[in-house]
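Numbers here are sequence positions counted from 1.
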Amino acid sequence: MYSSAYIWAKILGHMESRLTPQVVSTWFDDTEILELSDTKLVLYSPSSFRKEIILTRCLGYIRDAMQELFHSNVEISVLDETEIDVYRTHEHKANFIEFNPQFTFDTFVVGSSNTYAHAAALYVSNNPASKYNPLFIYGSSGLGKTHLLYAIASAIHKNHPDYNIVYIKGDQFTNELIAAIQEGRSNEFHNKYRSADLFLVDDIQFIAGKTSTQEEFFHTFNVLYESHHQIVLTSDRPPNEILRLEDRLRTRFEWGLIADIQPPDYETRMAIIKNKSISLGLDLPDEVCDYIAENITSNVRQIEGTVKKILAYHDLTGMELNVQNVSRAIKDMFKGKAETLPTPPLIISEVCRFYNLEEQTIRSTQKNKNTAEARQVAMYLIRKMTNLSLPDIGKEFSRDHSTVIHSISKIESAIPNAESGIADNIREITANINSKL
């Protein structure tokens, strides 16, 4: 399930590796996706000349990219300026979602830890925008929030095939908004999201603190809500714990129904293990399932990953499926809580996401205020959350240890100053990092 902007960026990157960035820029710099579904890709290129070049010389490269990147064979069409109005008047609304057949209500294992969220999602899928709008699902990473989003989308698509279903991640919403503003496509951006019959947003917490993004999301939310269109949001925490989220958004997120998902209990873990092993064609003895359920307890994603690893060992080495062999195969999957530390790349990635920077920028020599603050915060958090020495932290940024000491001291001095906002920023980034562990 990807946004059209993400897919188009991946296609262009794929083509650049076969053509050249200059050639791709020449013919595609003003091309965009109008519609994307399981069977169709509609592109828009304002110039009729460029349209002909794309049709005669580049379709093969686009097909290869779709096949290699997304295992998808689609019918590709290209429209120019003379055709766009007719298309927008007569074509069905675009569906910006890819359905993963593995993520449905039938494959979601229900237990005491997720009964409420599952029931709410099922109700919304059968009665969109009738009662629980918005539906806000929260819980730690890997517990099934995205699975429920997919399941809602799949069920509503089946019952209402004409619905315009739009899916986006919180940080992607920000990135698309920035691109739309830079390229003068704000109206198109508005139309894409405000025309949704079902609007799904994963990891909504990532819009917090971004003024323009929150402003845009506020208006998008209002348009959809007032039009009686269903909104479903997920987050790693409830609305009242999302730091730097505007109050007007927080109250709107609380208008409908808030449902949490907790880590699965033993019985649910056993059911997940058995279901996953059966779906993979793996016959796990009960004592092996029990061993996994007792030792892999944090989230569904880790449990499923463990079963996949056992399958790989079994297929590649032919090992007998008993507790002794399985314990050796998956011993690295269950470390103690004290051993679960974030890596420097994870910390840097979350700092970059928060400050909306590329990782190469934060590691560069740029010294503007935003970049410098992000770099100092990253150094501070690596020192606080890992066991790396000062010289090792410096190596992550091609700096010496004295620069690291200066950066850490500067952040420590700024934290007590409420006006700096540094303390809130660090709390937000730390929560994002912990949600990924």
Among Glu216, Glu32, Glu176, which one satisfies salt bridge (Lys or Arg N to Asp or Glu O under 4.0 Å) with Lys192?
Glu176
Ring centres of Phe217 and Tyr193 under 6.0 Å apart?
no
Check Asp171 with Lys210, please: is the shortest side-chain N to carboxylate O separation under 4.0 Å?
no
Between Leu149 and Asp202, is any pair of side-chain heavy atoms under 4.5 Å apart?
yes
Using side-chain heavy atoms (C-beta onward) and a distance below 4.5 Å, is Asn370 in contact with Leu357?
yes
Measure centre to centre between the rings of His118 and Phe105, then say whether the value is under 6.0 Å.
yes
N/O donor to acceptor pairs below 3.5 angstrom from side-chain atoms of residues 243-250, sequence neighbours left out:
from	atom 1	to	atom 2	distance (Å)
Arg244	NH2	Ala208	O	3.4
Glu246	OE1	Arg248	NE	2.9
Glu246	OE1	Arg248	NH2	3.4
Asp247	OD1	Arg250	NH1	2.8
Arg248	NH2	Glu215	OE1	2.4
Arg250	NE	Pro239	O	3.0
Arg250	NH1	Leu245	O	3.2
Arg250	NH2	Ile242	O	2.9
Arg250	NH2	Leu245	O	3.2

Exercise answer: donor-acceptor pairs, residues 404-414 side-chain atoms, under 3.5 Å, sequence neighbours excluded:
from	atom 1	to	atom 2	distance (Å)
Ser407	OG	Thr403	O	3.0
Ser409	OG	Ile405	O	2.9
Ser413	OG	Ser409	O	2.9

Mind jotting down which residue pairs meet the salt bridge (charged side-chain N to carboxylate O under 4.0 Å, His left out) criterion with at least one end in residues 229-243? Sequence neighbours excluded, please.
Arg237-Glu428
Considering only NZ, NE, NH1 and NH2 on the basic side and carboxylate oxygens on the acidic side, decide whether Glu83 and Lys51 come within less than 4.0 Å.
yes
His147 and Thr107, any side-chain heavy atoms less than 4.5 Å apart
yes
Salt bridge check: are Asp64 and Arg18 linked by an N-O gap of less than 4.0 Å?
no
With a 4.5 Å limit on heavy-atom distance, are the side chains of Phe49 and Trp27 in contact?
yes
Does Arg252 qualify as a cation-pi partner of Tyr225, given the criterion of NZ or CZ under 6.0 Å from the six-membered ring centre and within 45 degrees of its axis?
no
